[in-house]
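Here's the structure we're looking at; comments come further down.
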Amino acid sequence: IEIINYSRRASVSQMAIELYEDPPDILGFSVLGWNFTAVGELATTFHQVKPNGWCLFGGNHASHQADRVFRLYPQVDMIINGEGELTFRELLLAFLAGKKKEELREVHGISVRCDDGTVFTTPERPRLKDLNVIPSPFLTGAIEMYGKDGKFLYDVALMETNRGCPYKCAFCYWGGATGSKLSRFSSE
């Protein structure tokens, strides 16, 4: 498993050259407004280089939006709806076990486009109550923070301290998506 972060300044062709030099079996994207079109273009070419691979979208601008995403990008195989940490792990294990997309109905929190073009959505996965079960990608070293030259690699670094919101504001993802109590990471 490799986590790759790209700057907003990276072109789709730069990303494609790096990603498809040795294409992964599963290509998963965290989809946000600023990268939606770029990752959609990468998804469009993924199956040309890895016909039997799985292309997954998750994140704010894909979650619970299967009709729209599958219509715009027919090459996307799955969408993770809601929090993705546990769901993504289950999908990786299913792939390693040789399961076909049509056999993923027991994985909660996904929308799947089958090879025959049909789509199914599984029941919602309950939200995580204890966020401390999610290891920090920064503290574990899963995401590199500094380059070989010792310089910070990113324009910004966001640290998630909580999830959820008790309000349902139309302009905000968390409130509109969850309308629930906050879950917090421990301060440690």
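What you see below is based on every heavy atom in this structure, not just the backbone, and it leaves out hydrogens, waters and symmetry mates.
Using a 4.5 Å cut-off on side-chain heavy atoms (C-beta onward), E124 and H64 make contact. The closest side-chain heavy-atom distance from V133 to L128 is below 4.5 Å. Between M78 and W54 there is a side-chain heavy-atom pair separated by less than 4.5 Å.
The CD1 atom of I79 sits 13.5 Å away from atom NE2 of H61, with the distance rounded to the nearest 0.5 Å. Atom CG of residue L96 and atom CG of residue L91 lie 11.0 Å apart, to the nearest 0.5 angstrom. Note that CG of L19 is 9.0 Å distant from OG1 of T45, once rounded to the nearest 0.5 Å. In this structure, the separation between CG on L72 and CD on Q65 is 10.0 Å, given to the nearest 0.5 Å.
Not one N or O on the side chain of E18 forms a donor-acceptor pair closer than 3.5 Å with the backbone of M15. Panel note: side chain T140, backbone S136; a donor-acceptor pair is recorded below 3.5 Å.
Listed here is the closest heavy atom pair of S183 and L131: O-CD1, 3.4 Å. The minimum heavy-atom distance between F46 and G53, with the atom names listed, is CE2-C, 3.7 Å.
In the hydrophobic cluster analysis, where Ile, Leu, Val, Met, Phe, Trp and Tyr join through side-chain heavy atoms closer than 4.5 angstrom, L153 is grouped together with M145. Linking ILVMFWY side-chain heavy atoms closer than 4.5 Å, directly or via other members, places L86 and L93 in two distinct hydrophobic clusters.
Take E102 and apply the side-chain hydrogen bond (donor to acceptor under 3.5 Å, both in side chains) test, not counting sequence neighbours, and it matches no residue. For Y146, the ring pair (Phe, Tyr, Trp, His ring centres under 6.0 Å) partners are F152, not counting sequence neighbours. Here Y20 pairs with nothing under the ring pair (Phe, Tyr, Trp, His ring centres under 6.0 Å) rule; sequence neighbours left out. In terms of the ring pair (Phe, Tyr, Trp, His ring centres under 6.0 Å) criterion, residue partners of F29 (sequence neighbours excluded) are, by chain and number, F57.
Here the options are I80, L56, T122, the test is side chain to side chain contact (heavy atoms under 4.5 Å, CB included), and the partner is T87; only I80 passes. Among T44, L27, V31, L32, the one residue that satisfies the side chain to side chain contact (heavy atoms under 4.5 Å, CB included) test with V39 is V31.
With a 6.0 Å radius and a threshold of 12 heavy atoms from other residues, nucleotides or ligands, E106 has its CD atom above the threshold. In N132, the CG atom is crowded: over 12 heavy atoms of neighbouring residues, nucleotides or ligands sit closer than 6.0 Å.
Cation-pi geometry between R68 and F36 is satisfied (NZ or CZ under 6.0 Å from the ring centre, within 45° of the ring normal).
A donor atom on one side chain and an acceptor atom on the other are not found under 3.5 Å apart for N52 and H47.
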For residues 107-120, run the donor-acceptor check on the side chains, cut-off 3.5 Å, and write out each pair with its distance to 0.1 Å, sequence neighbours left out.
| residue | atom | partner | partner atom | Å |
| --- | --- | --- | --- | --- |
| S111 | OG | N81 | ND2 | 3.0 |
| S111 | OG | T121 | OG1 | 2.8 |
| R113 | NE | P74 | O | 3.0 |
| R113 | NH2 | F70 | O | 2.5 |
| D115 | OD1 | K101 | NZ | 2.8 |
| D116 | OD1 | T118 | N | 2.9 |
| D116 | OD1 | T118 | OG1 | 2.7 |

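The pair E90-R125 meets the salt-bridge criterion, with a side-chain N (NZ, NE, NH1 or NH2) lying under 4.0 Å from an Asp/Glu carboxylate O.
Sequence neighbours left out, the pairs with a member in residues 24-42 that pass side chain to side chain donor-acceptor pair (under 3.5 Å) are D25-K50.
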